[in-house]
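In this text the structure is predicted, and so the values were computed from the model without any measurement. Just so you know, ligand 1 is whichever comes first in the structure, and atom 1 is the first atom listed for that ligand. Both backbone and side-chain heavy atoms feed into the values below; hydrogens, waters and symmetry mates do not. Note that the numbering runs from 1 along the sequence shown for the chain.
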Amino acid sequence: MRIVLGVGGGIAAYKVASLLRLFTEAGHDVTVIPTEASTRFVGTATWEALSGNPVSNSVFDDVHQVNHVRLGHEADLIVIAPATADLLAKAATGQAGDLLTNTLLMARGPVLFAPAMHTEMWQHPATQANVETLRSRGSAVLEPASGRLTGADSGPGRLPEPDAIFDAAMALVEGQADFQLPLAGRIVTISAGGTREPLDPVRFLGNRSSGKQGVALAVAARNAGATVRLLAAHMDVPPPSGVEVVPVETALQLREAALAAAADSDVVIMSAAVADFRPAAVSDTKIKKRDDRDDPVITLVRNPDILHELVELRNSAAPGGRQQLIVGFAAETGDSDGDVLAHARAKLQRKGCDLLVVNHVGTDRVFGQDTNSVVILARSGSEPQEASGTKTEVSAAVISRIGHELNSVSPRP
Ligand code: CTP
């Protein structure tokens, strides 16, 4: 595929080098057109070296090739990243002062803008009107991510992560993209993996959670436009790129991290397998097996129920404050007291969360597996929703349901 990658004059231009690598490694032929201003951040040599193609933003270079017409005509896809306020304004008003804006006017294929700027500039009515104009003409404009900006400030305005832009671009070309990305501008905290509760410096009580489901959820949330924080207990898989990772070990550490992260999160998903109990005492030194001593007995004490605490905290917040959606996970088996759904409904009531994703477990199911089959129960009482497939597919279904719940409760900020 022939891709034109337009680079705007913002500090986030440096991240676009990674995006370019993603395109070229996927086998695409990329022509980079940096704006004059952007070359103050990243020089043309970088783009030439990484793309393997000549780089210019002048309509007067290689005039015989009529680049100002040809590049836009031939491109199967045009991606603008970072799309600055200035570039969005120029595109919306059809200006043609340089090679990039000429190329945009000549575009025949899909065009994707990935904005990045300070929050005030993004929220300014002028910028919002330009975004509306571009969208109404059929261009795709991603919502910027939220988080730390260039200075000490933070808020919506960060360039979406290169992986997210890449995925959005591919989905756009395949005609599947929903550019009202359901979690755009939202902060999503996800706990993943299994906690480890120490007994002594070398031993712990753990569980078989692999973290695969939590990582798949983090990827799905990131691709849905969210800013993702992954509270990572022990995992067998690496965390994905483009998410903030907070490593934790014990349930108490996870509790602390979850309560802190929840303070400004729109969504909290507790997919970690949290130990319900921990050893009452942790030995400072290795517990020795000594023939002259009785067999040791481990006394356990209860860990706090983090999910329940998160719900209580959310419910006690000032009315009219931030709406927060809290999602729990449950692994259930049927028994003589009731089937899986009956146990799950009771747990949903006990925990008080908004959604409960229920795994039906047997000895060989769920832990460490790549596939999964779940039922999503809602506190609102709506019909249980089933989802099955790979953990990636299940995660996409859970994230899409979360987007639906959020967007039907409160409009996107
Ligand atoms: N969870 C939590 N804190 C704990 C234990 C669990 O936040 N101390 C969360 C899990 O991350 C999951 C949900 O609660 O989202 C369900 O966990 P589960 O262990 O099944 O719930 P329990 O209350 O322990 O129910 P039971 O042991 O009766 O099955």
Side-chain angles (χ1 to χ4, degrees), residues 188-198 204-218 221 229-235 246 248-262 265 267-280 300-315 324-363 365-367 372 374-379 387 391 394-395 398-399 401-402 405:
V188 177
T189 293
I190 301 172
S191 71
T195 65
R196 288 178 161 185
E197 310 296 326
F204 58 84
L205 297 181
N207 60 63
R208 294 171 58 198
S209 172
S210 64
K212 283 182 185 167
Q213 184 73 73
V215 165
L217 284 163
R229 289 187 194 131
L230 185 68
L231 312 182
H234 175 76
M235 308 196 303
V246 181
V248 296
E249 178 149 340
T250 64
L252 291 180
Q253 287 170 359
L254 177 55
R255 172 182 175 273
E256 208 171 304
L259 294 181
S265 293
V267 181
V268 184
I269 307 176
M270 284 296 296
S271 72
V274 187
D276 286 324
F277 302 98
R278 67 180 183 277
L300 298 176
V301 292
R302 202 170 277 268
N303 270 329
D305 186 326
I306 305 167
L307 181 58
H308 189 63
E309 228 176 304
L310 288 166
V311 170
E312 300 224 299
L313 196 71
R314 191 266 317 264
N315 292 351
Q324 188 177 67
L325 192 92
I326 303 180
V327 183
F329 268 68
E332 297 289 347
T333 53
D335 59 22
S336 55
D337 289 338
D339 63 7
V340 171
L341 270 189
H343 284 301
R345 284 209 177 89
K347 185 168 287 179
L348 180 61
Q349 286 307 320
R350 264 201 320 277
K351 302 263 187 184
C353 51
D354 304 292
L355 296 176
L356 189 70
V357 182
V358 186
N359 284 300
H360 182 181
V361 286
T363 45
R365 298 166 86 161
V366 179
F367 292 111
N372 203 355
V374 302
V375 177
I376 306 172
L377 293 184
R379 196 159 51 99
K391 287 190 174 174
V394 167
S395 299
V398 172
I399 293 298
R401 175 65 185 266
I402 288 171
E405 296 279 330

Output the list of atoms in ligand 1 that are nearer than 4.0 Å to some heavy atom of Met270, sorted by atom number. 7 (O), 11 (O), 12 (C), 15 (O)
Taking only residues two or more places apart in sequence or in another chain, which ones pass side-chain hydrogen bond (donor to acceptor under 3.5 Å, both in side chains) with Arg401? Ser382, Gln385, Glu405
Report the part of His308 (side chain from C-beta onward, or backbone N, CA, C, O) that has a heavy atom under 4.0 Å from ligand 1; answer both or neither where that applies. neither
His343 near ligand 1 by a heavy-atom separation under 4.0 Å: no
Purely on distance, is any nitrogen or oxygen of Gly328 under 3.5 Å from one on ligand 1? no
Under 3.5 Å side-chain donor-acceptor pair for Asn207 and His234: no
Could you measure the distance from the CG atom of Asn359 to the CD atom of Glu332? Nearest 0.5 Å is fine. 9.5 Å
Going from OG1 on Thr189 to CG on Leu310, what distance comes out if it is rounded to the nearest 0.5 angstrom? 9.0 Å
Working to the nearest 0.5 Å, report the span between CG of Leu254 and CD of Glu249. 11.5 Å
Please tell me whether Asn372 and Gln213 have a donor and an acceptor in their side chains that are separated by less than 3.5 angstrom. yes
Return a yes/no value for Lys351: is any of its N or O atoms, backbone included, closer than 3.5 angstrom to an N or O of ligand 1? yes
Before you tell me yes or no, could you show the steps for Lys347 and Leu356 under side-chain contact (heavy atoms from CB on, under 4.5 Å), namely the whole-Å CA-CA distance, both residues' side-chain angles and the distance that decides it to 0.1 Å? CA-CA 8 Å; Lys347 185 168 287 179; Leu356 189 70; 4.1 Å; yes
The closest protein heavy-atom partner of atom 3 (N) of ligand 1 is Ile306 N, 3.0 Å
In this structure, CG of Asn303 is separated from CG of Leu252 (nearest 0.5 Å) by 5.5 Å
Protein heavy atom at shortest distance from atom 12 (C) of ligand 1: Phe329 O, 2.9 Å
Give the atom numbers and elements of ligand 1 that come within less than 4.0 Å of a heavy atom of Arg350. 25 (O), 28 (O)
Scan residues 350-360 for pairs that pass salt bridge (Lys or Arg N to Asp or Glu O under 4.0 Å), counting only residues two or more places apart or in two chains. Asp305-Lys351, Arg314-Asp354, Asp354-Arg379
Return yes or no for this condition: an N or O of Pro304 is under 3.5 Å from an N or O of ligand 1. yes
Return a yes/no value for Ala331: is any of its N or O atoms, backbone included, closer than 3.5 angstrom to an N or O of ligand 1? no
Heavy-atom distances under 4.0 Å decide this one: backbone, side chain, both or neither, for Ala273 against ligand 1? neither
Got an N/O contact under 3.5 Å between Val274 and ligand 1? no
Is the closest N or O pair between Ala272 and ligand 1 shorter than 3.5 Å? yes
Would you check whether Asp276 has a nitrogen or oxygen atom less than 3.5 angstrom from a nitrogen or oxygen atom of ligand 1? yes
Examine the proximity of ligand 1 to Lys347 and report which part, side chain or backbone, both or neither, has a heavy atom under 4.0 Å away. side chain
With atoms numbered from 1 as shown, which atoms in ligand 1 lie under 4.0 angstrom from a non-hydrogen atom of Leu307? 2 (C), 7 (O), 9 (C), 13 (C), 14 (O), 15 (O)
Is it the case that more than 12 heavy atoms not belonging to Gln253 sit under 6.0 Å from its CD atom? yes
